[in-house]
Enquirer: 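Dumping the structure here so I can ask a few things about it.
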Amino acid sequence: MARGTVRHLTNESSVTQHDDAPNEYDFTRIQEKWQARWDELRPFATDNPADTRPRKYVLDMFPYPSGDLHMGHAEAYALGDVVARYWRLQGFNVLHPIGWDSFGLPAENAAIKRGVDPRAWTYDNIEQQRQSMKRYGASFDWDRVLHTSDPEYYKWNQWLFLKLYEKGLAYRKASWVNWCTHDQTVLANEQVVDGRCERCDNVVVKKKLTQWYFKITDYADRLLDDLNQLEGSWPSKVIAMQRNWIGRSVGADVDFVIEGRAERVTVFTTRPDTLFGATFMVVAPDSDLAAELVADADDETKKNFAAYLEQVQKSTEIERQDATREKTGVPLGRVAINPVNGERIPVWAADYVLADYGHGAVMAVPAHDQRDLEFAIKFDLPVRVVVDTNAPVTGAIPVITPEMLEAGDLLPPDPVQTGEALAGEGRLMNSGPLDGLSKSNAIKRVIELLEEAGTGRAAKTYRLRDWLISRQRYWGTPIPILHTEDGREIPVEESALPVELPPSEGLDLQPKGASPLGAAEDWVNVTLPDGTAARRDPDTMDTFVDSSWYFLRFLNPNDDTQAFDPKEAEKWAPVDQYVGGVTHAILHLLYARFITKVLFDLGYVSFTEPFSALLNQGMVLMNGSAMSKSRGNIVRLSEQLDEHGVDAVRLTMAFAGPPEDDIDWADVSPAGSAKFLARAWRITGEVTSSPEVEWKGGDAALRRQTHRLLADAPGLVEGFKFNVVVARLMELVNAIRKTIDSGPGAGDPAVREAIEIVTKLLSLFAPYTADDMWERLGYEGSVATTTLRKADPTLLVEESVTAIVQVDGKVRDRFEVAPTIDTGALEILARGSDAVARAVGDREIVNVIVRAPKLVNIATKR
RNA sequence: GCUCCCGUAGCCCAAUCGGCAGAGGCAGCCGACUUAAAAUCGGCCGAGUCUGGGUUCGAGUCCCAGCGGGAGCACCA
């Protein structure tokens, strides 16, 4: 078959109106024709200040320029475009921009591999993607393109960094960080997946380094609590993942005195009620606290600790996160004193306690915590039950029943025997003043006691850690800080921004654990105004900084006086509809939310959440699994576009199923989509009525169907049921076909009305075909810039409906009735039915439910 | 292990408030066109909704339990 053409037999009568126009659906011709028109018309530019239409900001997650666009991009941009085009048809002024997230490791790694400049490699890829994107026909405003690797963009990245620095939200600290052994750079917690580097899948180890952090933990409560306002507009899955990630725990801080040490050690616990059951303390071996506690110990203890620490640090994240492995640890030879009962308990170091969570130390209550129990059993430490989990609790009050007393079996099983810690509700015991209280009451009471004694307080802690933003790589935004020899940090003046990346020429980009920029002597060495020498910070920023505010830069991408114009933000932001993959459910979205809240606090924006609504599209699979080279199941987008046309591929993406579901390309039919487009397109060549024709008088059944679609379309599109909209369009095209072939014919006004509505709605999915159809229908310009009519309510009323009559839930008869029939009339009709009488037989009718005009159900005594 | 989501025709998927299980597509079959085939056009066939209970006049839809699939979290004190 000839590429680019869906052949069909020419019907002589269909040529009458457009003798000169081609009468074959040739998508290549249509694409080329309309691409040129769009370049000329700029139908999607959003730059007219006099535009008074209401506004919508529809944003697709911008792509990373690694190679050409693939099927995943195709799906995302097809779906985002449906939403953008829909709001335009509804009369909105829609901002729908596109850009490139063009800094980052893959570009640099690829550049190293090929021995080329990362800059050249990146911009070559952008150009390729830009052309593919244009061909793909998404309704972007091409005058607002940005690239995060442009100095004009990253200048404002640096500005943002300095704003955070001024607020104390950007700081440097030495700590154990995730180190990717392959990429030779640090990773944020969020970038470590199952102990491996999210990007290259290599093993991650811990390394102690001084790094830059953003203090996202200051915003933990707001990031968590504000998720409530996104409920219903964001996928619940994403909200759950974010909640989980922030991981707020509520409990208490408890101060323990350490014998022979002036300072107390504070531990965080979610179970302060079990404080009387604490039989030892555990600190993280890699914490400063452990090192300090062991410093005064005897040589044997020190030696054991040193050996243990070395072993811990050697282990990879994968080993460390294996929850099934045996507990390990060493005693530190120190004694802690329980503040509530004065009990002396030993202090151990063990790697099941994490240095950077809570205070890096825990009170171990082995009877009621599984981890502590395993440790106690392994090292033969005492276990004391302080909550009787066999005592039921009604409300907050423990209840002991006479039966229980009689059974003499009040105590729960011994955790040491069963190996199971007693985690449940119960009644406090062995706990002095807490005895007899329920768990929740005991928590309240013990916090009061601790606060009175000054040895503890209610506390919250989070799983979320501060955001590590420095990277020891070349292709990123330089951190705008100077370091003097005496260790001072000097922020670069705002007027001196951007701190431009030096050329990569002459730099060794091979990863070696330190930033390549440190070797750019001309760049890194600077002299301060007072004559002292300083060095630029050689690290670059995590690219998630770039993408945490790009949606604001789109508002005025060429403004060189500010990052974004707050007045424009007032007009357009926050983003009304954000569209992208669920892969960014945590990282990108959390960071963007954080930065938005910071900008709110700084007074730059008036909203606290960046994305009012979120749509996650699924992945495109092939034969049940993700496409990959190793599986050899890659479907090339460019080949699909060559074979079936842009519109057919886009339509297939929308029609395949709910947007959030994965699409298996083996299950769908782009050829079927092309067939449908050709059918619809062909009809526009058969219509013989003129654009000015009066609708009324047209075929009533077809008109009703058209208006039902008009009435349903908004709800369907806004509910992201794109697949249903496409199905309804197919249905309507089938109906038009019938009306032409075996009904009133191609000249009927209802045919024109129907195909015009099809054309408008089809433009959401198949913009090239729709614009060509629009022209064939006798109009000029792009159908995408028209608006959609409202349904005529008089046409939505059915002339008659089918009422069904059930007997005991089974359908026994049906009638054609007026939609306005009342309950009594319908019941009389139903009771008069022979079929119903036969079904009822001689049984007694006990109930008749009437739901006029659609249903009667007669229940009989059985 | 914990949490969440999903199981409807051979396949992908629809089904407003609980009210006739089917909108659409793919595949299949039949017919038209063709010397023939492909393509195209027209038509047809096709589940009783994963299983077992429950609520209800009535359950794909609500509740409980199980099975199957997917996702997230997982030594976070």
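Every chain is numbered from 1 and lettered A, B, ... according to where its sequence line falls, protein lines coming before strand lines.
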Enquirer: Quick check: any donor-acceptor pair below 3.5 Å linking the side-chain of K327(A) to the base of C75(B)?
Expert: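 It does, because a donor-acceptor pair links the side chain of K327(A) to the base of C75(B) below 3.5 Å.
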Enquirer: Taking only N and O in the side chain of K675(A), is any of them less than 4.0 Å away from OP1 or OP2 of A39(B)?
Expert: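 Looking at the OP1 and OP2 atoms of A39(B), neither is under 4.0 Å from any side-chain N or O of K675(A).
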Enquirer: Side chains of residues 580-590 of chain A: which donor-acceptor partners sit under 3.5 Å, not counting sequence neighbours?
Expert:
{"unit_1": "H588(A)", "atom_1": "NE2", "unit_2": "Y578(A)", "atom_2": "OH", "d": "2.7"}

Enquirer: By nearest atom, which of the nucleotides A77(B), G19(B), G24(B) is closest to the F268(A) side chain?
Expert: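 Closest nucleotide among those given: A77(B).
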Enquirer: Would one find a side-chain N or O of N723(A) under 4.0 angstrom from OP1 or OP2 of A14(B)?
Expert: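 Indeed, a polar side-chain atom of N723(A) lies that close.
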Enquirer: Closest approach to the side chain of N244(A), judged atom by atom: which nucleotide of G24(B), C12(B), G72(B) is it?
Expert: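 Out of G24(B), C12(B), G72(B), the nucleotide with an atom closest to N244(A)'s side chain is G72(B).
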Enquirer: Between the protein and nucleotides 42-45 of chain B, list the N/O to N/O atom pairs that are separated by less than 3.5 angstrom.
Expert:
{"unit_1": "G42(B)", "atom_1": "OP1", "unit_2": "R679(A)", "atom_2": "NH1", "d": "3.2"}
{"unit_1": "G42(B)", "atom_1": "OP2", "unit_2": "R679(A)", "atom_2": "NH1", "d": "3.1"}

Enquirer: Considering only side-chain heavy atoms of D661(A), which listed nucleotide, C13(B), C57(B), C12(B), is closest?
Expert: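 Taking heavy atoms from C-beta onward, the closest nucleotide is C13(B).
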Enquirer: Which nucleotide in the set C20(B), A77(B), G24(B) lies at the smallest distance from any side-chain heavy atom of F655(A)?
Expert: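 Of all the options, the side chain of F655(A) is nearest to G24(B).
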Enquirer: Among C12(B), A74(B), G19(B), find the nucleotide with the atom closest to the side chain of D667(A).
Expert: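 For D667(A), the side-chain atoms sit closest to C12(B).
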Enquirer: Pick base, sugar-phosphate or nothing for Q806(A), based on heavy-atom distances below 4.0 Å to the nucleic acid.
Expert: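 The residue Q806(A) makes base contact.
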Enquirer: Check this for me, if you would: do D712(A) and R728(A) make a salt bridge, where the nitrogen-to-carboxylate-oxygen distance has to be below 4.0 angstrom?
Expert: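 Looking at D712(A) and R728(A), the cut-off is met.
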Enquirer: Base, sugar-phosphate or nothing for V353(A)? Non-hydrogen atoms, less than 4.0 Å.
Expert: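 Here V353(A) touches the bases of the nucleic acid.
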Enquirer: Does the side chain of K721(A) get closer than 4.0 angstrom to OP1 or OP2 of A23(B) through an N or O atom?
Expert: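 Checking K721(A) against A23(B): no side-chain N or O falls below 4.0 Å of OP1 or OP2.
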Enquirer: From the set U40(B), C57(B), A77(B), return the single nucleotide nearest to any side-chain atom of D369(A).
Expert: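 Out of U40(B), C57(B), A77(B), the nucleotide with an atom closest to D369(A)'s side chain is A77(B).
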Enquirer: Taking atom types as they are modelled, would you say the side chain of N847(A) forms a donor-acceptor pair with the base of C57(B) within the 3.5 Å cutoff?
Expert: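 Side chain to base: no pair below 3.5 Å.
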Enquirer: Say we look at A27(B) and C67(B): how far apart would their P atoms be, to the nearest angstrom?
Expert: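 These two P atoms come out 38 Å apart once rounded.
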Enquirer: Please determine, for the side chain of N857(A), which listed nucleotide (C57(B), A77(B), A14(B)) has the closest atom?
Expert: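 The answer is C57(B).
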Enquirer: For K378(A), is there an ion pair with E374(A) - N to carboxylate O distance below 4.0 angstrom?
Expert: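 No salt bridge links E374(A) with K378(A).
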Enquirer: Is the phosphate of C20(B), meaning OP1 or OP2, less than 4.0 Å from a side-chain N or O of T802(A)?
Expert: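 Answer no for this pair, as no side-chain N or O of T802(A) is under 4.0 Å from OP1 or OP2.
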Enquirer: Taking the side chain of A727(A) as heavy atoms from C-beta outward, which of G24(B), C57(B), A14(B) is closest to it?
Expert: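 Within the option list, the nearest is G24(B).
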Enquirer: Between Q640(A) and W665(A), is any side-chain donor less than 3.5 angstrom from a side-chain acceptor?
Expert: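 Yes, because at least one side-chain N or O of Q640(A) sits under 3.5 Å from a partner of the opposite role on W665(A).
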Enquirer: Are R679(A) and N734(A) linked by a side-chain donor-acceptor pair shorter than 3.5 Å?
Expert: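 On atom types as modelled, these side chains qualify, holding a pair under 3.5 Å.
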Enquirer: Under the rule syn = chi within 90° of 0, otherwise anti, which is C4(B)?
Expert: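 What C4(B) shows is an anti base, its glycosidic angle lying more than 90° from 0.
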Enquirer: Answer yes or no: does a side-chain N or O of R682(A) lie under 4.0 Å from OP1 or OP2 of C41(B)?
Expert: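 For R682(A), the contact criterion (side-chain N or O under 4.0 Å from OP1 or OP2 of C41(B)) is met.
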Enquirer: Tell me which nucleotide among C75(B), C73(B), C20(B) gets nearest to the side chain of W245(A).
Expert: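 Minimum distance to the W245(A) side chain belongs to C73(B).
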Enquirer: Would you check if the distance from the ring center of F280(A) to the ring center of W348(A) is below 6.0 Å?
Expert: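 No, the ring centres sit 6.0 Å or more apart.
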